[in-house]
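Just below is one structure, and these are the notes that go with it.
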Amino acid sequence: MFFFNIVKQQDSYLREPRKIKLNEDLFIKIAADDMEAFHELFSITEKTIYAFALSILKNHDDALDVVQETYLKIRASAHLYKPLGKPMAWIFTITRNLSISNLRSRNRFADVQLDEIENDHSFSYIANNEDKLVLQAAFKILNDQEREIILLHAISDFKHYEIAKTLGIPLSTELSKYHRGLKKLRKYLLEQEVL
Amino acid sequence: MKKMDIESSLQRAIEQAPSIDFHVLANKPVIKMSDHDFITKQPIQEKNQNLKKLLVVYTCCLFSLVFFTGWLIQYKVPDSVIALDVNPSIELVTNKHDQILLVKALNDDAKKIIAGKEFKNNDLFNTVDVLINSMISQGYLNTDKNIIMVSVENKDPQKGESLSLILGDEIRKDLSSKNISPRILRQVYSENKEISALAKQYGTSSGNIKLINEIISSDKNFSIKTLSNMPVKDLLAISKEKAVDLHRIIKFDDENIVEGSQKPNYIDKLYTKPKEYGKDDDISKNRKDHVYNNDVDNSSGALNISEDNINDHNRIKDSVHDGDADGDSGILNISKDDINDYSSLRDSVHDSDGGKESGNLNEIDDDDSGSQETQNDK
């Protein structure tokens, strides 16, 4: 019964990738301080933005800070948004710039050490140890772009070409980094007997 | 663990992360930005970038094409065709900047003038200097042979006129410096395909053909083929003889050019009809007698020179001069079959005329009327 509950709880976290279909009109409404529109944007994009920030910062608290700052920036500049057909690209740009700024301000350009990740209590919210190890392995083994691509692919319903377009890289590069990243991750997890 | 399992694991880990409180976020005071900063600056859309790149490439191509076309029109497209006729006939094709695109020898004499010289992209006036000096050094121009016809073909008559004037001055200067007083004829005309084709066919310049056409229009007995081998000096003499008004096509810097033209003796033989010799003056009588004496089989007084065998007009002219030293010749008939070699022609003239009056060298026509045309012209 306990085992069944754990499995059921895990399945409740596992959902279909988020459908991120943003209507650019949302920004017009947000510019007019329409909180419903802002909430809609928040609910659609929050986890994706968090995953993206986390892939850069490798720290849950810093990622949450950046997510919060991202939404505040959106509210402050929604009236300046020019509809170019890629609203998520703009949000990712804000998130990336804020993450880099965050890293600079904390003088943390250097990679976070493995021990730091493994002892990071900020990931204690992850119920399943295996999931936690996989996430930590992703931070340890993958380079920044591989991690961004794999996390975005895992958390959102972005297609490969959409990720490539959003990150501003060629599709072939995106695909090769995605497959190479997964391969590296699998190999590492097998070595660690996680899999 | 399969690929999807790893992604599922990552997804679960992310989904379990605590979210930020939306109400806190919504209630935070925000100052609206007046302009994008480096954080919110929108990425330039890839499509726009590609479009811009395409636009830049297209614009570059367009500019290159425009510049190339402009350069081509300015420097590589023929603008003027200038012909210098003495007897060497040389055609010069120039661009808008009066640079030489092509120098073409229209006859054998001209080939000697331009042999071994490179004129491409040279200045027109320098080229004319070189050509004139070459004509002087090779004896085509001297104090006696001092008539040059400058013909300019240009779409713009004004440009053609000014170019012909400048060239005339240039030639005059060149020749004056060599103590030769030039007599310059100028022609300006637009392109005429018919004239150009005739010029090409007879190996002379369009200007010369125009001059020849004027002569032929007054006397149909001449043919282009015959006249095209003559120097300008002799053509002028014929036009004087035939009272052809060349002013319609030619501008004479010196009105005495035509008046002062001395008719070479051989010209009489080319166009004078035998019947004219029938008058009972002493000279014509003598000539008639002389012709009869020499013309064994008949009384033909015509000059018949096979054009196929006349390859060098000057040589023919010389030969006639040699054979007819007093200029009072009778009728020279040379049959096509008999003239296989110019040397034999010259010899035959010498032999038959003995440096006095040339008679009929060989038998030809049965009729008495004679002809001023060559056999081929017939």
Side-chain angles (χ1 to χ4, degrees), chain A residues 10 13-15 17 31 35 38-39 42-43 46-47 50-51 54 60 63-64 67-69 71-82 84-86 89-90 93-94 97-98 101 123 125-128 130-135 138 150-151 153-155 165 168 182 185-186 189-190 194-195, chain B residues 1-70:
Chain A
Q10 279 191 1
Y13 294 123
L14 189 62
R15 39 190 273 190
M35 284 303 136
F38 186 52
H39 185 259
F42 179 81
S43 58
E46 186 224 348
K47 286 297 175 192
Y50 169 77
L54 188 65
H60 167 71
L64 272 188
V67 170
Q68 182 168 302
E69 283 176 56
Y71 284 106
L72 292 176
K73 273 287 182 189
I74 290 170
R75 275 181 63 199
S77 60
H79 62 289
L80 300 172
Y81 175 78
K82 286 175 191 164
L84 297 174
K86 291 199 298 183
W90 182 51
T93 302
I94 295 172
N97 290 337
L98 286 170
S101 181
F123 291 125
Y125 59 83
I126 302 170
N128 185 295
E130 193 181 84
D131 293 344
K132 189 177 172 180
L133 286 172
V134 171
L135 186 61
I150 289 172
L151 282 181
H153 194 261
I155 203 73
K165 207 162 124 183
L182 276 182
L185 202 54
R186 190 177 299 111
L189 293 170
L190 282 169
V194 176
L195 302 182
Chain B
M1 188 181 270
K2 293 179 182 174
K3 181 177 82 178
M4 281 308 294
D5 293 333
I6 292 174
E7 285 202 5
S8 302
S9 224
L10 288 170
Q11 190 193 359
R12 274 195 301 271
I14 299 293
E15 291 290 349
Q16 288 174 57
S19 297
I20 49 175
D21 187 345
F22 174 75
H23 295 291
V24 174
L25 196 62
N27 291 326
K28 279 217 172 186
V30 166
I31 299 168
K32 301 272 184 191
M33 293 163 62
S34 58
D35 204 357
H36 279 303
D37 59 13
F38 76 98
I39 301 283
T40 63
K41 195 177 176 185
Q42 272 186 264
I44 299 165
Q45 204 174 18
E46 202 177 320
K47 274 185 187 172
N48 284 353
Q49 277 183 320
N50 288 339
L51 198 69
K52 276 185 182 175
K53 278 180 193 169
L54 271 176
L55 211 67
V56 168
V57 170
Y58 176 77
T59 310
C60 285
C61 288
L62 202 69
F63 270 109
S64 304
L65 195 71
V66 167
F67 281 124
F68 179 71
T69 310

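These numbers come from a predicted model, not from an experiment. By convention in this document, chain letters (A, B, ...) are assigned in the order of the sequence lines, proteins followed by strands, and residues within each chain are numbered from 1.
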Find the one option among A:L98, A:V67, A:I150, A:L80 whose heavy-atom pairs under 4.5 Å with chain B are most numerous.
-> A:L80

With B:F63, which residues qualify under side-chain contact (heavy atoms from CB on, under 4.5 Å), at least two apart?
-> B:T59, B:F67

Once you round to the nearest 0.5 Å, how far does CG of A:N128 lie from OG of B:S9?
-> 6.0 Å

Rounded to the nearest 0.5 Å, how far apart are CZ of A:R186 and CD1 of B:I6?
-> 4.5 Å

Highest number of heavy-atom pairs under 4.5 Å with chain B among A:Q68, A:E69, A:M35 belongs to A:Q68

Engaged part of A:F42 at the chain B interface, taking heavy atoms whose separation is under 4.5 Å | side chain

Rounded to the nearest 0.5 Å, what's the gap from OH on A:Y71 to CD1 on B:I20? Could you check?
-> 7.0 Å

Mind checking the CD1-CD spacing from A:I126 to B:E15? Nearest 0.5 Å is all I need.
-> 11.5 Å

Test item: A:R75 side-chain N/O and B:K28 main-chain N/O as donor-acceptor pair under 3.5 Å | yes

So, the part of A:A138 with a heavy atom under 4.5 Å from chain B: the answer is side chain

Under 3.5 Å: donor-acceptor pair, side chain of A:N97, backbone of B:T40 = no

Mark yes or no for whether A:K47, through its side chain, and B:Q16, through its backbone, hold a donor-acceptor pair below 3.5 Å.
-> no

So which bits of residues 29-37 of chain B come within less than 4.5 Å of chain A, counting non-hydrogen atoms only?
-> B:V30, B:I31, B:K32, B:M33, B:S34, B:D35, B:H36, B:D37

At their closest point, which heavy atom of B:A17 faces which heavy atom of A:Y125, and how far apart are they?
-> CA-CE1, 3.1 Å

Let me know if A:I74 has heavy atoms under 4.5 Å from chain B in its side chain, its backbone, both or neither.
-> neither

For A:S101, side chain to side chain donor-acceptor pair (under 3.5 Å) partners two or more places apart | none

Atom group of A:L64 that falls short of 4.5 Å from chain B, counting heavy atoms | both

Are any side-chain N or O atoms of B:Q42 and backbone N or O atoms of A:K82, one a donor and one an acceptor, separated by less than 3.5 Å?
-> yes

Before giving the answer on side-chain contact (heavy atoms from CB on, under 4.5 Å), spell out for B:I14 and A:L54 the whole-Å C-alpha distance, their side-chain angles and the decisive distance to 0.1 Å.
-> CA-CA 9 Å; B:I14 299 293; A:L54 188 65; 3.7 Å; yes

Do the ring planes of A:H39 and B:F22 sit parallel (below 30°), tilted (30 to 60°) or perpendicular (above 60°)?
-> perpendicular

Mind checking side-chain contact (heavy atoms from CB on, under 4.5 Å) for B:Y58 and listing every partner two or more places apart, or none if nothing turns up?
-> B:L62

Any side-chain donor-acceptor pair under 3.5 Å between B:S19 and A:E46?
-> yes

